[in-house]
Amino acid sequence: MVYILGGWQSDFSANWSRRGWGLADAFGEAVAQGLAAADLAPSDIETGHVGNFAGELFAGQGLLGGFFGLVHPDLDGLPTMRHEAACASGSCAVLAAAAEIEAGRYGLSCVIGIEQMRNVPGQTAAEHLGAAAWTGHEFQDARFLWPAAFSDLAEVYDQRFGLRYEHLMAIAEQNFANGRRNPNAQTRDWRFAPEAFTADDVANPVVEGRTRKQDCGQVTDGTAVIFLASPERARAYADARGIPLESLPRIKGWGHRSAPIPLDRKLAASRNGGHVFPQVRRAIDDARARAGLSLADIHAVETHDCFAVTEYMAIDHLGLTAPGEAWKAIEAGDIAIGGKLAVNPSGGLIGAGHPVGATGVRMVLDAFKQTTGTAGDYQVDGARNVQTLNIGGSTTTTVSLVIGT
């Protein structure tokens, strides 16, 4: 069993280059602020894990575990690792840290997710992010690779089940609205005219194929950090602060699946019906099975909405509806805060922002906040169990966690 002691998230609206910051500056801020938020000392940390996708491409920087030693002298000598799985990099860092704790190697781990993405032009950023597809083999004619890839997913949904754009825009509009509740969301101060959530070519221009501007998650600089602990370390932590051990959230279950890297190979696996991405469904089910919980026991979800259609896919894969019928949950208000299962109360990747390597860690931190009643204006009442769903590439890597008290 692995407990979560707390953590911290940066302001996802910040542009680090405009501050004169690099990765090391943001890394140092995250660890220092995280330690303060969790009431821990640097000497408490026994191991460090970093989730990061493309530090070499965006910032010319690898070996990010070496930044721990810059934060504080007590972290000089800390064993560290960096983990890469595209947009699921942060979740894989969490899995690795949890596995070390479960193996008895260490008792307390610092997990940080970090990505700097706003220091290059938009076209360059799109090219860097394209490294998560099969380079030289797919989407070679696309200017913006991932909008093109998820346009293809929308096309598949339309062909197999039918798809109305108004349902995708309902997802986007809700996530922007949730983001306005979140003081760390990149888009918290953004405002839109009603036409922005329609197929209006001026207010909501086409990016690639069926993908329009409002379908897209944000390009973001950001960090998130959490601290994981063994039962022994968690009990000592709780006793020292006079709080019940049971009040600390823990990772109850996990699911981790990979599929072949090309999107067409994944889609071929479901050509005969059922869920579009079988491995995504398996990861979700694995997490719940290991937690000993069902969908009825989950009170909120932080899911991957790199595009609106990604969340549309997640809704049916989570089991809220039958395959292809996510629109029913959208129209019924089931995914709203206060609905049957709140989805992305933080605002998700569309509303809160998507610093790629940090997203999986940020999801866990938001699950921690929800299950400790500290999510503020985006708190889901009575949230005791929260599920995360984090995907890398075109669902090449999928990680789902169930976190609860």
Side-chain angles (χ1 to χ4, degrees), residues 87-88 146 149-172 174-175 209-211 215 217 253 255-291 293-298 300-336 339-344 348-350 387-402:
C87 302
W146 289 115
F150 283 89
S151 170
D152 285 1
L153 176 59
E155 183 67 27
V156 166
Y157 260 90
D158 198 10
Q159 291 174 359
R160 296 185 186 181
F161 311 106
L163 179 65
R164 288 163 53 185
Y165 190 61
E166 65 191 72
H167 293 129
L168 298 184
M169 285 300 91
I171 288 171
Q174 177 174 293
N175 288 352
R210 300 177 68 125
T211 303
D215 286 282
H256 180 198
R257 298 284 179 173
S258 291
I261 196 167
L263 176 59
D264 60 2
R265 286 280 299 276
K266 302 181 187 75
L267 295 174
S270 61
R271 65 165 64 95
N272 294 323
H275 292 95
V276 173
F277 292 124
Q279 300 305 343
V280 172
R281 176 67 177 182
R282 291 179 74 190
I284 291 167
D285 287 346
D286 288 346
R288 290 185 194 150
R290 289 182 172 117
L293 301 175
S294 68
L295 175 61
D297 301 309
I298 307 298
V301 168
E302 284 292 330
T303 195
H304 213 84
D305 59 317
C306 51
F307 299 91
V309 72
T310 322
E311 181 171 327
Y312 192 89
M313 175 274 296
I315 290 168
D316 67 44
H317 285 61
L318 286 160
L320 267 171
T321 71
E325 296 183 359
W327 61 271
K328 293 182 177 180
I330 295 167
E331 289 191 355
D334 289 344
I335 64 171
K340 181 178 179 181
L341 180 67
V343 176
N344 283 335
L349 286 61
I350 289 174
Q387 187 160 20
T388 71
L389 179 61
N390 188 200
I391 67 171
S394 54
T395 72
T396 302
T397 298
T398 300
V399 178
S400 183
L401 300 169
V402 174

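Since this is a predicted model, take the numbers as computed values, not measurements. Throughout, numbering of the chain's residues begins at 1 and tracks the sequence.
With sequence neighbours left out, the side chain to side chain contact (heavy atoms under 4.5 Å, CB included) criterion links Thr396 to Ile261, Lys266, Ser394. In this view, Tyr165 satisfies the ring pair (Phe, Tyr, Trp, His ring centres under 6.0 Å) rule with no residue, not counting sequence neighbours. Evaluation of the ring pair (Phe, Tyr, Trp, His ring centres under 6.0 Å) rule for Phe277 yields no partner, not counting sequence neighbours. Listed by chain and residue number, nothing satisfies the salt bridge (Lys or Arg N to Asp or Glu O under 4.0 Å) test with Lys340 (two or more places apart in sequence, or in another chain). The ring pair (Phe, Tyr, Trp, His ring centres under 6.0 Å) check on His275 picks up His317, with sequence neighbours excluded. In this view, Asp152 satisfies the side-chain hydrogen bond (donor to acceptor under 3.5 Å, both in side chains) rule with no residue, not counting sequence neighbours.
Distance OG/Ser294 to CG/Asp285: 11.0 Å, rounded to 0.5 Å. Atom OG1 in Thr211 sits 12.0 Å away from atom CH2 in Trp146 (nearest 0.5 Å). Taking CD of Gln279 as the reference point, atom CG of Asp286 lies at 9.0 Å (rounded to 0.5 Å). Note that CD1 of Ile315 and CG of Leu320 are 7.0 Å apart. Values are rounded to the nearest 0.5 Å. Atoms OG1 and CG, on Thr395 and Leu267 in that order, are 8.0 Å from each other to the nearest 0.5 Å. The distance from atom CE of Met169 to atom CD1 of Ile171, rounded to the nearest 0.5 Å, is 8.5 Å.
The closest donor-acceptor contact from the side chain of Asp316 to the backbone of Gly324 lies under 3.5 Å. Judged by distance alone, the side chain of Thr397 and the main-chain N or O of Ile391 form no donor-acceptor pair under 3.5 Å. In terms of modelled atom types and a separation under 3.5 Å, the side chain of Asp158 and the main chain of Leu163 share a donor-acceptor contact. In this structure, the side chain of Asn344 engages the main chain of Thr303 through a donor-acceptor pair within 3.5 Å. Not one N or O on the side chain of Asn390 forms a donor-acceptor pair closer than 3.5 Å with the backbone of His304. For Asp305 (side chain) and Glu311 (main-chain N/O), no donor-acceptor pair under 3.5 Å exists by modelled atom type.
Among all heavy-atom pairs drawn from Arg210 and Ser151, the shortest one is N-OG, 2.8 Å. Taking every heavy atom of both residues into account, Val276 and Phe161 meet most closely at CG2-CE1, 3.9 Å. When all heavy atoms of Ala308 and Leu168 are compared, the pair lying nearest together is CB-O, 3.5 Å. In plain terms, the two heavy atoms of Leu153 and Met313 that are nearest each other are CD2-CB, 4.5 Å. Nearest heavy-atom pair, Leu389 versus Ser400, reported as atom, atom and distance to 0.1 Å: CD1-CB, 4.3 Å. The two residues Pro323 and Gly274 come nearest to each other via the heavy atoms CB-O, 3.7 Å.
Here the side chains of Thr321 and Asp334 are not in contact, with every heavy-atom distance at 4.5 Å or above. Ile330 is listed as a side-chain neighbour of Tyr312, based on a closest heavy-atom distance under 4.5 Å. The side-chain heavy atoms of Val301 and Leu341, taken from C-beta on, include a pair separated by under 4.5 Å. No side-chain heavy atom of Val156 sits under 4.5 Å from any side-chain heavy atom of Arg271. Taking the side chain as every heavy atom from C-beta outward, Arg257 and Arg281 never approach each other to under 4.5 Å.
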